[in-house]
Amino acid sequence: MPNRHGLSRDIPDPIQREIRQRSKFGCVICRAGIYDYEHIDPDFSNATHHDPDDICCLCTSCHAKVTRGQFSKAYVRKKYDEVQTAILADVPPPFDYLDFHDGKAELKIGGISYDPGVTSIVKYHGKEIFSVSPSVGETTAGICATFLDNEGKDTLKIVDNIWNGAVGAWDTEVVGPRIKVRKKRGVFSLILRLEPPGRIVIEKLDMRISDSHILVSENSHALGRYDENDRIYWFHANMVHMGAPLLEASAIEFLTDLEAEWRDQKWNGKGKRLATADNNIVMQTGLGVANKRMGIIVGASCLKFGIGSFSCGGPRPIGKMRTMVFRKPDRVAEYIGTGRS
Ligand SMILES: [Zn+2]
C-alpha cells in the first residue's frame, strides 16, 4: 500500500541494486546476507521518494532492534556510512548459513550425476575447487566451494556451510531460494538454487580459473582450456552416471603437467577401454573419460560410469559457447563438434 505521499513500497530494481552495492550486499550492521530495504530517515511513512542515500540493507533481526527502540536510526545511518566509505578489504563479506542438517550433501553441476562417494566435484591442478562431504560420525555434512567470475575474480565462497558473498562484486542478490551474482546488467557469473536440506544446484556458472574455463547450466556444461593466444578449446562429456568411486575420484578434473600426470598416475592399462584412433580421448573404467591433450577428465577414478556422448573441439568463441550452454543446453556437444582445427 502506498504511503500518505502516494509512494509505493516497491523500490525500482536499479535503485534496489544501488542500495545493495552501497551496502556491500549485506545487512549494514551484522552483515547477514538476507535483508530488506530499510528507509532510514525519513522512514517509509514520511518518505516522498526512494533515495539510495537514505535506504540501506538491514536484516530482520537488526530491523527489529530498531523498531523495538534498541538501535537508533542514527546508529543505522552511521553503519551505512561506514560500509560505504571503508576500503573493501575492511568490510566483512555478507554471509548466511546453509542447511545440511540431515547428513547429506550434494552439489548438482552441469548434468553430471555421481554417487555420494564422489566428494571432489571440481579439481584444478590438484586443488579442490568444489567438494562435498557427507556426514561421517560426528562430522557435519557440507559443501566447500570457491566460485570465480569470468575473469577469475571471487564471486562467492562456501566454507563450513556458510556462504560468503564478495563485497567487490557488481551485484549479489538473494531471491527466494536463489543466490544470484551478476557481472553486469543481465550477465550472471553464478546462480545457485538452494534445495535444503543438503542439496545445491548450480543453475548458471561462468567461471575462469587461470588457463581454464567452466561453463555450467543445470543440465549441461562445457569445459575449456585457453591456449597461449587466449583461444579456447572445449570438452563436454554427457555422463549418465558415475558410480563406484575410487580414492580421489573427481567429477571434473583439470590436470597439471598433462602428459606426466597422465602417464604416471592415471593410465595403468587396466580395465575396459575405448579410445579414439589418435588415442587422445580415452574412456576407461577406473579412469573416466579423459581428453589427454586438454588434460581434462570427467568421472576420474570411478569404476562405473554410463556415458551418452563426448565432444571436444575448438577453438570456439566463449560468447557463443555461453549462449549454447545457457540457452541451448541440448546442443552443446553438437556445437563443440570434434577434432582440433
Ligand atoms: Zn543485521
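What you are looking at is a predicted structure, and each value in this text was computed from that prediction instead of being measured. Each residue takes its place number in the sequence, starting with 1. Numbering of ligands and ligand atoms starts at 1, following listing order. Computed over heavy atoms, backbone and side chain alike; hydrogens, waters and symmetry mates excluded.
Taking 2.8 Å as the limit, the number of protein N, O or S atoms around the Zn ion (ligand 1) is 4.
If you check the side chains of Glu128 and Ser120, you find a donor sitting under 3.5 Å from an acceptor. Side-chain contact, Tyr226 with His213: a donor N or O sits under 3.5 Å from an acceptor N or O.
Under the salt bridge (Lys or Arg N to Asp or Glu O under 4.0 Å) criterion, Asp171 pairs with Arg20, Arg182, not counting sequence neighbours. With sequence neighbours excluded, the residues that form a side-chain contact (heavy atoms from CB on, under 4.5 Å) with Pro329 are Ser217, Ser220. Legend: residues meeting side-chain contact (heavy atoms from CB on, under 4.5 Å) with Leu247, ordered by chain and number and at least two apart, are absent.
Judged by distance alone, with hydrogens and angles left aside, the side-chain atoms of Asn280 form a donor-acceptor pair with the main-chain N or O of Arg293 at under 3.5 Å.
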